[in-house]
Amino acid sequence: MPLITLRNVSKTYPPARRGEEPVTALRDINLEIEAGEIYGIIGYSGAGKSTLVRLINALETATSGDITVDGRQVTGVPERQLRQLRLDIGMIFQQFNLFNSKTVRNNVAYPLRVAGRSRAEIAARTAELLDFVGLTDKADNFPEQLSGGQKQRVGIARALAASPKILLADEATSALDPETTHEVLELLRRVNRELGITIVVITHEMDVIKNLATKVAVMDGGRIVEQGEVFEVFSNPREESSRKFVSTVVRGVPSAADLATLRNRHEGRMVTLSFRDGGASQSDVFVELAAAGVEFELVYGGINDISGRAFGHLTLALKGADQAIDGALAAVGHGIKVTELN
Ligand code: ADP
(Lines give C-alpha, C1' and ligand atoms only; values in the text may rest on other atoms or scores of the structure.)
Protein backbone atom coordinates (compact mmCIF):
# COMPACT_ATOMS: atom_id res chain seq x y z
CA MET A 1 0.00 0.00 0.00
CA PRO A 2 1.36 3.48 -0.79
CA LEU A 3 2.44 5.59 2.18
CA ILE A 4 0.51 8.62 0.93
CA THR A 5 -2.61 8.36 -1.22
CA LEU A 6 -4.78 11.16 -2.59
CA ARG A 7 -7.98 10.20 -4.40
CA ASN A 8 -10.02 12.73 -6.36
CA VAL A 9 -8.92 15.50 -4.04
CA SER A 10 -10.13 19.04 -4.65
CA LYS A 11 -9.65 22.14 -2.58
CA THR A 12 -11.51 25.42 -2.88
CA TYR A 13 -10.64 28.30 -0.58
CA PRO A 14 -13.63 30.41 0.40
CA PRO A 15 -13.47 34.06 -0.62
CA ALA A 16 -11.31 36.12 1.74
CA ARG A 17 -13.76 39.04 1.59
CA ARG A 18 -17.34 39.48 0.62
CA GLY A 19 -17.75 40.03 -3.08
CA GLU A 20 -14.61 38.06 -3.95
CA GLU A 21 -14.62 34.74 -5.76
CA PRO A 22 -13.64 31.44 -4.13
CA VAL A 23 -10.26 30.08 -5.33
CA THR A 24 -10.04 26.50 -6.49
CA ALA A 25 -6.43 25.59 -5.71
CA LEU A 26 -6.63 21.84 -6.43
CA ARG A 27 -8.80 19.96 -8.91
CA ASP A 28 -9.29 16.22 -8.84
CA ILE A 29 -5.82 15.25 -7.66
CA ASN A 30 -4.86 11.57 -7.72
CA LEU A 31 -1.45 10.76 -6.32
CA GLU A 32 0.30 7.80 -4.73
CA ILE A 33 3.63 8.09 -2.98
CA GLU A 34 5.39 4.89 -1.94
CA ALA A 35 7.44 4.53 1.24
CA GLY A 36 11.11 5.32 0.63
CA GLU A 37 10.55 7.51 -2.41
CA ILE A 38 11.74 11.04 -2.99
CA TYR A 39 8.76 12.53 -4.75
CA GLY A 40 8.98 15.90 -6.45
CA ILE A 41 6.04 18.21 -6.98
CA ILE A 42 6.83 20.91 -9.50
CA GLY A 43 4.99 23.75 -11.12
CA TYR A 44 4.94 27.50 -11.38
CA SER A 45 3.86 29.71 -8.51
CA GLY A 46 0.12 29.40 -7.89
CA ALA A 47 -0.09 25.88 -9.35
CA GLY A 48 -1.33 24.46 -6.03
CA LYS A 49 1.83 22.80 -4.70
CA SER A 50 1.75 24.27 -1.18
CA THR A 51 -1.94 23.55 -0.84
CA LEU A 52 -1.24 19.94 -1.74
CA VAL A 53 1.33 19.50 1.03
CA ARG A 54 -0.80 21.36 3.54
CA LEU A 55 -3.51 18.79 2.87
CA ILE A 56 -1.08 15.92 3.40
CA ASN A 57 -0.14 17.15 6.87
CA ALA A 58 -3.70 18.22 7.59
CA LEU A 59 -2.96 21.92 7.99
CA GLU A 60 -5.80 22.40 5.50
CA THR A 61 -8.83 20.23 4.86
CA ALA A 62 -9.82 18.98 1.44
CA THR A 63 -13.12 20.20 -0.01
CA SER A 64 -13.70 16.75 -1.49
CA GLY A 65 -11.84 13.49 -2.01
CA ASP A 66 -9.86 11.16 0.24
CA ILE A 67 -6.39 11.36 1.70
CA THR A 68 -4.65 8.58 3.61
CA VAL A 69 -1.19 8.73 5.15
CA ASP A 70 0.44 5.54 6.43
CA GLY A 71 -2.92 3.77 6.39
CA ARG A 72 -4.65 6.50 8.36
CA GLN A 73 -7.50 8.56 7.05
CA VAL A 74 -6.63 12.28 7.05
CA THR A 75 -9.85 13.71 5.67
CA GLY A 76 -12.88 14.11 7.91
CA VAL A 77 -11.27 13.00 11.19
CA PRO A 78 -11.30 14.93 14.47
CA GLU A 79 -8.36 17.16 15.37
CA ARG A 80 -7.05 14.95 18.19
CA GLN A 81 -6.56 12.06 15.73
CA LEU A 82 -4.37 14.29 13.61
CA ARG A 83 -1.77 14.75 16.33
CA GLN A 84 -0.05 11.41 15.69
CA LEU A 85 -0.20 12.10 11.96
CA ARG A 86 1.62 15.40 12.44
CA LEU A 87 4.32 13.68 14.51
CA ASP A 88 4.86 11.32 11.60
CA ILE A 89 5.45 14.23 9.24
CA GLY A 90 8.35 16.68 9.50
CA MET A 91 8.41 19.84 7.45
CA ILE A 92 11.04 22.26 6.23
CA PHE A 93 10.47 25.65 4.62
CA GLN A 94 12.05 28.16 2.28
CA GLN A 95 12.48 30.73 5.07
CA PHE A 96 13.65 28.06 7.56
CA ASN A 97 11.08 29.21 10.20
CA LEU A 98 13.57 28.96 13.08
CA PHE A 99 13.10 30.62 16.46
CA ASN A 100 15.60 33.46 16.38
CA SER A 101 15.69 33.79 20.16
CA LYS A 102 16.56 30.12 20.70
CA THR A 103 19.95 28.52 20.19
CA VAL A 104 20.46 25.92 17.50
CA ARG A 105 20.24 23.21 20.15
CA ASN A 106 16.96 24.56 21.53
CA ASN A 107 15.47 24.93 18.07
CA VAL A 108 16.13 21.25 17.42
CA ALA A 109 14.92 20.26 20.89
CA TYR A 110 11.68 22.24 20.60
CA PRO A 111 9.41 19.54 19.08
CA LEU A 112 10.67 17.05 21.68
CA ARG A 113 9.86 19.46 24.53
CA VAL A 114 6.38 19.99 23.11
CA ALA A 115 5.97 16.21 22.92
CA GLY A 116 6.88 15.99 26.63
CA ARG A 117 10.03 13.87 26.29
CA SER A 118 12.40 13.55 29.25
CA ARG A 119 15.38 15.89 29.59
CA ALA A 120 17.86 13.06 29.11
CA GLU A 121 16.08 11.85 26.01
CA ILE A 122 15.92 15.34 24.56
CA ALA A 123 19.63 15.93 25.18
CA ALA A 124 20.64 12.64 23.59
CA ARG A 125 18.36 12.98 20.56
CA THR A 126 19.35 16.60 19.95
CA ALA A 127 23.05 15.73 20.06
CA GLU A 128 22.47 12.87 17.65
CA LEU A 129 20.59 15.09 15.20
CA LEU A 130 23.15 17.90 15.32
CA ASP A 131 25.82 15.35 14.57
CA PHE A 132 23.78 13.98 11.66
CA VAL A 133 23.45 17.42 10.04
CA GLY A 134 27.06 18.37 10.88
CA LEU A 135 26.31 21.24 13.26
CA THR A 136 27.55 19.95 16.61
CA ASP A 137 29.96 22.88 16.86
CA LYS A 138 27.12 25.39 16.32
CA ALA A 139 24.84 24.02 19.05
CA ASP A 140 25.07 27.16 21.19
CA ASN A 141 24.88 29.66 18.35
CA PHE A 142 21.75 31.58 17.41
CA PRO A 143 20.20 31.31 13.93
CA GLU A 144 21.34 34.81 12.93
CA GLN A 145 24.94 33.66 13.37
CA LEU A 146 24.48 30.96 10.73
CA SER A 147 24.63 30.91 6.94
CA GLY A 148 21.48 30.07 4.96
CA GLY A 149 22.65 26.50 4.38
CA GLN A 150 23.38 26.03 8.09
CA LYS A 151 19.95 27.42 8.98
CA GLN A 152 18.30 24.91 6.69
CA ARG A 153 20.35 22.13 8.28
CA VAL A 154 18.94 23.21 11.65
CA GLY A 155 15.50 23.15 10.04
CA ILE A 156 16.11 19.60 8.84
CA ALA A 157 17.38 18.46 12.26
CA ARG A 158 14.31 19.96 13.92
CA ALA A 159 11.99 18.34 11.37
CA LEU A 160 13.58 14.97 12.09
CA ALA A 161 13.45 15.33 15.89
CA ALA A 162 10.27 13.32 16.43
CA SER A 163 11.50 10.58 14.06
CA PRO A 164 8.91 11.18 11.33
CA LYS A 165 8.27 8.76 8.48
CA ILE A 166 7.76 11.58 6.01
CA LEU A 167 9.61 14.83 5.39
CA LEU A 168 7.83 17.56 3.44
CA ALA A 169 10.18 20.12 1.93
CA ASP A 170 8.40 23.26 0.69
CA GLU A 171 10.81 25.21 -1.53
CA ALA A 172 13.51 24.27 0.98
CA THR A 173 16.41 25.36 -1.20
CA SER A 174 14.81 28.25 -3.06
CA ALA A 175 16.47 30.88 -0.84
CA LEU A 176 19.93 29.32 -1.16
CA ASP A 177 22.73 29.82 -3.65
CA PRO A 178 23.56 26.93 -6.01
CA GLU A 179 26.52 25.66 -3.96
CA THR A 180 24.54 25.61 -0.72
CA THR A 181 21.56 24.07 -2.51
CA HIS A 182 23.84 21.24 -3.54
CA GLU A 183 24.88 20.64 0.10
CA VAL A 184 21.32 20.65 1.37
CA LEU A 185 20.22 18.27 -1.39
CA GLU A 186 23.05 15.92 -0.41
CA LEU A 187 21.83 16.02 3.19
CA LEU A 188 18.27 15.26 2.06
CA ARG A 189 19.56 12.28 0.08
CA ARG A 190 21.18 11.00 3.29
CA VAL A 191 17.94 11.53 5.20
CA ASN A 192 16.23 9.33 2.63
CA ARG A 193 18.95 6.69 2.26
CA GLU A 194 20.25 6.35 5.80
CA LEU A 195 17.07 7.02 7.76
CA GLY A 196 14.62 5.56 5.24
CA ILE A 197 12.45 8.65 5.36
CA THR A 198 10.07 9.32 2.48
CA ILE A 199 10.56 12.84 1.16
CA VAL A 200 8.10 15.02 -0.73
CA VAL A 201 9.82 18.03 -2.29
CA ILE A 202 7.88 20.96 -3.61
CA THR A 203 9.86 23.23 -5.83
CA HIS A 204 9.75 25.48 -8.83
CA GLU A 205 13.43 24.63 -9.42
CA MET A 206 13.71 21.83 -11.93
CA ASP A 207 17.35 21.29 -10.99
CA VAL A 208 16.25 20.18 -7.54
CA ILE A 209 14.03 17.50 -9.02
CA LYS A 210 16.68 16.44 -11.47
CA ASN A 211 19.26 16.00 -8.72
CA LEU A 212 17.10 14.64 -5.93
CA ALA A 213 13.77 13.10 -6.84
CA THR A 214 12.97 9.65 -8.17
CA LYS A 215 9.40 10.45 -9.17
CA VAL A 216 7.75 13.69 -10.10
CA ALA A 217 4.32 15.23 -10.56
CA VAL A 218 4.01 18.35 -12.68
CA MET A 219 1.24 20.69 -11.54
CA ASP A 220 -0.51 23.41 -13.52
CA GLY A 221 -3.66 25.31 -12.60
CA GLY A 222 -4.47 23.04 -9.64
CA ARG A 223 -4.14 19.81 -11.62
CA ILE A 224 -1.44 17.21 -11.96
CA VAL A 225 -0.77 17.36 -15.67
CA GLU A 226 1.85 14.65 -15.74
CA GLN A 227 3.49 12.25 -13.29
CA GLY A 228 5.98 9.42 -13.36
CA GLU A 229 9.67 8.52 -13.10
CA VAL A 230 11.84 11.64 -13.31
CA PHE A 231 13.78 10.16 -16.21
CA GLU A 232 10.60 9.45 -18.17
CA VAL A 233 9.05 12.86 -17.58
CA PHE A 234 12.30 14.70 -18.34
CA SER A 235 13.27 12.73 -21.40
CA ASN A 236 9.81 12.67 -22.92
CA PRO A 237 7.46 15.27 -21.40
CA ARG A 238 4.00 14.78 -22.89
CA GLU A 239 2.21 17.93 -21.87
CA GLU A 240 2.95 21.44 -23.05
CA SER A 241 3.36 22.81 -19.51
CA SER A 242 5.78 20.01 -18.53
CA ARG A 243 7.72 20.61 -21.70
CA LYS A 244 8.09 24.28 -20.88
CA PHE A 245 9.30 23.44 -17.40
CA VAL A 246 11.63 20.68 -18.46
CA SER A 247 13.23 22.84 -21.13
CA THR A 248 14.63 25.11 -18.42
CA VAL A 249 17.05 22.41 -17.28
CA VAL A 250 17.29 19.94 -20.10
CA ARG A 251 20.15 20.78 -22.37
CA GLY A 252 19.70 20.48 -26.06
CA VAL A 253 16.26 21.81 -26.91
CA PRO A 254 16.53 25.21 -28.60
CA SER A 255 14.26 27.90 -27.19
CA ALA A 256 12.24 30.10 -29.57
CA ALA A 257 14.99 32.73 -29.39
CA ASP A 258 17.71 30.11 -30.05
CA LEU A 259 15.74 28.86 -32.99
CA ALA A 260 15.45 32.33 -34.51
CA THR A 261 19.23 32.71 -34.27
CA LEU A 262 19.77 29.29 -35.82
CA ARG A 263 17.46 30.13 -38.71
CA ASN A 264 19.48 33.25 -39.45
CA ARG A 265 22.62 31.19 -39.60
CA HIS A 266 21.48 28.06 -41.41
CA GLU A 267 19.38 27.28 -44.44
CA GLY A 268 17.09 24.34 -44.95
CA ARG A 269 14.81 22.31 -42.78
CA MET A 270 15.60 21.82 -39.12
CA VAL A 271 14.76 18.80 -37.04
CA THR A 272 15.46 17.87 -33.46
CA LEU A 273 16.30 14.23 -32.82
CA SER A 274 15.51 13.06 -29.31
CA PHE A 275 17.09 9.83 -28.17
CA ARG A 276 17.40 7.95 -24.92
CA ASP A 277 19.79 5.51 -23.29
CA GLY A 278 22.87 5.00 -25.40
CA GLY A 279 23.89 6.55 -28.67
CA ALA A 280 23.58 3.67 -31.12
CA SER A 281 20.50 5.04 -32.84
CA GLN A 282 21.97 8.49 -33.44
CA SER A 283 24.46 7.13 -35.91
CA ASP A 284 21.63 5.28 -37.70
CA VAL A 285 20.13 8.66 -38.50
CA PHE A 286 23.37 9.98 -39.91
CA VAL A 287 23.78 6.87 -42.03
CA GLU A 288 20.22 7.19 -43.41
CA LEU A 289 20.66 10.87 -44.22
CA ALA A 290 24.00 10.29 -45.95
CA ALA A 291 22.59 7.36 -47.94
CA ALA A 292 19.70 9.56 -49.14
CA GLY A 293 22.18 12.23 -50.27
CA VAL A 294 20.97 14.73 -47.64
CA GLU A 295 23.58 17.15 -46.33
CA PHE A 296 23.29 17.79 -42.64
CA GLU A 297 24.92 19.93 -40.05
CA LEU A 298 24.68 19.56 -36.29
CA VAL A 299 23.61 23.01 -35.07
CA TYR A 300 22.43 22.55 -31.48
CA GLY A 301 22.30 19.84 -28.86
CA GLY A 302 23.18 18.29 -25.55
CA ILE A 303 23.21 15.08 -23.56
CA ASN A 304 21.68 14.82 -20.08
CA ASP A 305 22.24 12.36 -17.32
CA ILE A 306 19.43 11.66 -14.88
CA SER A 307 19.52 8.83 -12.36
CA GLY A 308 22.42 7.32 -14.28
CA ARG A 309 20.49 7.18 -17.56
CA ALA A 310 21.27 9.33 -20.56
CA PHE A 311 19.07 11.13 -23.01
CA GLY A 312 19.66 13.95 -25.39
CA HIS A 313 18.53 16.13 -28.22
CA LEU A 314 20.39 17.02 -31.38
CA THR A 315 19.17 19.65 -33.80
CA LEU A 316 20.22 19.24 -37.41
CA ALA A 317 19.99 21.62 -40.34
CA LEU A 318 19.19 19.54 -43.42
CA LYS A 319 19.85 20.33 -47.05
CA GLY A 320 18.41 18.16 -49.80
CA ALA A 321 15.23 17.31 -51.64
CA ASP A 322 12.19 17.15 -49.37
CA GLN A 323 11.43 13.65 -50.53
CA ALA A 324 14.93 12.42 -49.73
CA ILE A 325 14.78 14.04 -46.26
CA ASP A 326 11.33 12.60 -45.54
CA GLY A 327 12.45 9.15 -46.66
CA ALA A 328 15.59 9.20 -44.53
CA LEU A 329 13.75 10.41 -41.43
CA ALA A 330 10.97 7.86 -41.92
CA ALA A 331 13.57 5.10 -42.05
CA VAL A 332 14.88 6.00 -38.60
CA GLY A 333 14.01 3.24 -36.19
CA HIS A 334 12.36 3.26 -32.80
CA GLY A 335 14.13 4.78 -29.82
CA ILE A 336 14.57 8.08 -31.57
CA LYS A 337 11.99 10.79 -31.97
CA VAL A 338 12.12 13.28 -34.80
CA THR A 339 10.54 16.69 -34.32
CA GLU A 340 10.39 19.07 -37.24
CA LEU A 341 11.05 22.65 -36.13
CA ASN A 342 8.79 25.15 -37.83
P1 ADP B 1 1.93 27.13 -5.15
O2 ADP B 1 2.45 26.53 -3.90
O3 ADP B 1 2.07 26.22 -6.34
O4 ADP B 1 2.48 28.49 -5.42
P5 ADP B 1 -0.54 27.51 -3.70
O6 ADP B 1 -1.04 26.20 -3.24
O7 ADP B 1 0.16 28.39 -2.70
O8 ADP B 1 0.35 27.31 -5.00
O9 ADP B 1 -1.76 28.36 -4.27
C10 ADP B 1 -2.69 27.83 -5.21
C11 ADP B 1 -3.83 28.84 -5.38
O12 ADP B 1 -4.58 28.91 -4.17
C13 ADP B 1 -3.38 30.25 -5.67
O14 ADP B 1 -4.30 30.82 -6.54
C15 ADP B 1 -3.41 30.91 -4.31
O16 ADP B 1 -3.64 32.29 -4.44
C17 ADP B 1 -4.59 30.22 -3.65
N18 ADP B 1 -4.42 30.14 -2.18
C19 ADP B 1 -3.40 29.53 -1.51
N20 ADP B 1 -3.60 29.60 -0.17
C21 ADP B 1 -4.77 30.28 0.02
C22 ADP B 1 -5.53 30.66 1.16
N23 ADP B 1 -5.12 30.36 2.40
N24 ADP B 1 -6.69 31.34 0.96
C25 ADP B 1 -7.11 31.63 -0.29
N26 ADP B 1 -6.46 31.29 -1.41
C27 ADP B 1 -5.29 30.61 -1.28
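Counting starts at 1 for both ligands and their atoms, in listed order.
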Query raised in the report: Is the closest heavy atom of Met219 to ligand 1 under 4.0 Å?
Result: no

Report task. Assess Gly43 for proximity to ligand 1: is some non-hydrogen atom of it under 4.0 Å away? Result -> no

Report summary line: The residue among Thr24, Asp28, Ile29 that forms side chain to side chain contact (heavy atoms under 4.5 Å, CB included) with Leu26 is Ile29

Query - Check: Lys337 side chain, Leu273 main-chain N or O, donor-acceptor pair, under 3.5 Å - result: no

Query raised in the report: Counting distance only, does the side-chain N/O of Asn304 pair as donor-acceptor with the main-chain N or O of Gly312 below 3.5 Å?
Result: no

To the nearest 0.1 Å, how far is [atom] from its closest protein heavy atom, and which atom is that?
atom                    : answer
atom 23 (N) of ligand 1 : Tyr13 CE2, 3.6 Å
atom 7 (O) of ligand 1  : Ser50 CB, 3.7 Å
atom 8 (O) of ligand 1  : Gly48 N, 3.1 Å
atom 6 (O) of ligand 1  : Thr51 OG1, 2.5 Å
atom 17 (C) of ligand 1 : Val23 CG1, 3.8 Å
atom 4 (O) of ligand 1  : Gly46 N, 2.6 Å
atom 3 (O) of ligand 1  : Lys49 NZ, 2.8 Å

Query - Residue pair His313 / Ser274, side-chain donor-acceptor N/O under 3.5 Å - result: yes

With heavy-atom distances below 4.0 Å as the criterion, list the atoms of ligand 1 near [X].
X     : answer
Ser45 : 4 (O)
Ala47 : 1 (P), 3 (O), 8 (O)
Tyr44 : 3 (O)

Report task. Indicate the ring-plane relationship of Phe296 and Phe286, choosing parallel, tilted or perpendicular according to the 30° and 60° boundaries. Result -> parallel

Query raised in the report: From Ile42 CD1 over to Met219 CE, what is the distance, rounded to the nearest 0.5 angstrom?
Result: 11.0 Å

Query raised in the report: Could Arg158 and Tyr110 be counted as a cation-pi pair, given that NZ or CZ must be under 6.0 Å from the ring centre and within 45° of the axis?
Result: no

Report task. Using the six-membered ring of Phe231, assess whether NZ or CZ of Arg309 lies under 6.0 Å from its centre and within 45 degrees of the ring axis. Result -> yes

Query raised in the report: Is atom 15 (C) of ligand 1 in close reach of the protein, with a heavy atom under 4.0 Å away?
Result: no

Report task. Select one of side chain, backbone, both or neither to describe which atoms of Glu20 lie under 4.0 Å from any atom of ligand 1, heavy atoms only. Result -> neither

**Report entry** Nearest neighbour of atom 20 (N) of ligand 1 from the list Arg54, His204, Glu171, on a heavy-atom basis
**Finding:** Arg54

Query raised in the report: ligand 1 and Ala25, any nitrogen or oxygen pair closer than 3.5 angstrom?
Result: no

Query raised in the report: salt bridge (Lys or Arg N to Asp or Glu O under 4.0 Å) with Arg113: which residues, sequence neighbours excluded?
Result: none

Distance-only donor-acceptor hits, side chain of residues 122-131, under 3.5 Å, sequence neighbours excluded:
from   : atom 1 : to     : atom 2 : distance (Å)
Arg125 : NE     : Ala161 : O      : 3.0
Arg125 : NH1    : Glu128 : OE1    : 3.1
Arg125 : NH2    : Leu160 : O      : 2.8
Arg125 : NH2    : Ser163 : OG     : 3.4
Thr126 : OG1    : Ile122 : O      : 2.6

